[in-house]
Amino acid sequence: MKLTLTVNGTERTCDVHPLARLLDVLRRDLQLPGTKEGCGEGECGACSVFVDGKLVNSCLVPALQVAGRDVQTIEGVAPSTELLDRVQEAFLKHGGAQCGICTPGMILAAKALLAEHPQPTMAEMREGLAGNLCRCTGYTKIFDSVLAAVAKTEAEGQP
Amino acid sequence: MSHKLSEFVARSATSLPEALSLLAEPADADRGPWRPLAGGTDLMVTLAAGTLPVGRYVDIWPLDELRGITVTDESVEIGALTTYTDIRLHPLLAKEFPLLGLAAKETGAIAIQNRGTLGGNIANASPAADTPPALLAYDAELELLSRSGPRTVPYSRFHSGYKQMDRRPDELITKVRLKRTPSDAPGHTVHYYRKVGTRAAQAISKVCFAAFARVEGHRLLNVRLGLGSVAPIPLRCTRTESVLLSAPLDEPLIRRAEATLAYEISPIDDVRSTSPYRRRVTLNLLREMLSRCQVRSDST
């Protein structure tokens, strides 16, 4: 099928099988390798992206279900090439990323969490990130990073 | 992947009548009948694993008329495409049918809850699914629709064997109906849900126990037990329910209920647990559920 969708604000078109995984469409057909493949079965969250503003596992979304939809990947998170999103910045500064495979999905899950809970409790944070597995950090530095992003948001008075 | 993607046919339905027309088409010699595809959280896993049957799939995700929660004086109707996230966030469901929100919260994690649907969870027919026990505890009804019209099936009779269900290939599950209880009903209610697994998120249950009870004094006026992962189907335990309704709730009655429940379930050994463990845990959960009924009756 000819698939047309919006990715990170730009309309893109490609020719794919209707049941191709959104993950493969992004990485292979649209040359956006920022989205990672971990388990490929919806358990690990490495392939998380936003579809119409909702966090999803792109390995479980068939191409035909994103026709005409709005997709945001990790490549679309930073406002510009010079400037990082505050969650990205916090992950860099507080050691939230080690090997980096879980990081794109983790950052998107963290953004989904902060959109719903701007000042998450520990329980809300654990639940919001429960679908994203990290085998390096032990999660402590990831939680630290998210809390640092919250603190920065509060300090600067920005949403 | 053991099947090539190119062997599969799939298209999005643009309307409910179109979806029903496709489902009503005779089975293709090579690819069988059209089968519905909803949020994809189960189907895409089996596609990647190479275990999804080669076939024709009609994507019903665009059909907004199958989404949403409608409340009337008598009932709550949940559209088949309603996601776990929608269920979790609905205030009336949380108040009157809390087991559903608890089940939705323990299904996968946020990204799965945003895509997984109630109808899909039912049609996938896994005996380990998290919402079916809650639906059994509330004695839900399913509405199925085909070109010949709607049909209502009590959910407790929907699953007939492992992955077997009372759905014709031309039918689509369109809604789940829950009867609301009048506010002047006697006694008080106990809603109990517990999923036992390796962790709260993502893990598939070893045992899932959902129960609804109406209690007055030391007697159960009504009780419904819905269990997951202890039989080939999501299991309503009506024999145990009958025992529990037969006399005031005391230790001898609990023992009889345990013995009956042990007889009603048929758990197996598999990658997630063993039969003896599941049996022991199921009886422990029955006891925990009944202790909540007793606590409440002692305090009134």
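All chains are named by letter (A, B, ...) in the order of the sequence lines, taking the proteins before the strands, and each is independently numbered beginning at 1.
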Q | Most contacts with chain B, counted as non-hydrogen pairs under 4.5 angstrom, among A/Leu60, A/Val61, A/Asn132 | A | A/Leu60

**Q.** N-O pairing of A/Lys141 and A/Asp144 below 4.0 Å
**A.** no

Q.
So which residue, B/Asp42, B/Thr46, B/Thr41, ends up with the most heavy-atom pairs under 4.5 Å with chain A?
A. B/Thr41

Q) Between B/Arg67 and B/Asp86, is the closest basic N to carboxylate O distance under 4.0 Å? A) no

Q. Side chain, backbone, both or neither: which part of A/Ala67 has a non-hydrogen atom closer than 4.5 Å to chain B?
A. neither

Q. Checking side chain to side chain donor-acceptor pair (under 3.5 Å) for the pair B/Arg168/B/Ser146: CA distance, chi angles, key distance, verdict?
A. CA-CA 9 Å; B/Arg168 299 194 312 265; B/Ser146 71; 3.3 Å; yes

Q: Salt-bridge test for A/Asp52 and A/Arg69: reply yes if a basic N is under 4.0 Å from a carboxylate O, no otherwise.
A: yes

Q: Before accepting this row, confirm whether a basic side-chain N of the pair B/Arg56/B/Glu25 lies closer than 4.0 Å to the acidic partner's carboxylate O.
A: yes

Q: With a 4.5 Å cut-off on heavy-atom pairs, point out which of A/Lys54, A/Glu127, A/Arg126 contacts chain B the most.
A: A/Glu127

Q) Do any of residues 91-110 of chain B have a heavy atom less than 4.5 Å from a heavy atom of chain A, and if so, which, in residue order? A) B/Lys105, B/Ala109, B/Ile110

Q) Checking B/Arg11 against chain A: side chain, backbone, both or neither under 4.5 Å from a heavy atom? A) backbone

Q: Answer with side chain, backbone, both or neither: which region of A/Leu133 has an atom nearer than 4.5 Å to a non-hydrogen atom of chain B?
A: side chain

**Q.** Salt bridge flag under 4.0 Å for residues A/Asp85 and A/Lys111
**A.** yes

(Q) Heavy-atom pairs under 4.5 Å with chain A - which of B/Gly39, B/Ala203, B/Pro62, B/Ala10 has more of them than the others? (A) B/Ala10

Q. Is the closest basic N to carboxylate O distance between A/Glu37 and A/Arg27 below 4.0 Å?
A. no

Q | Ion pair A/Glu156/A/Lys152, N-O distance below 4.0 Å | A | yes

Q) When the aromatic ring centroids of B/Phe209 and B/Tyr192 are compared, is their separation below 6.0 Å? A) yes

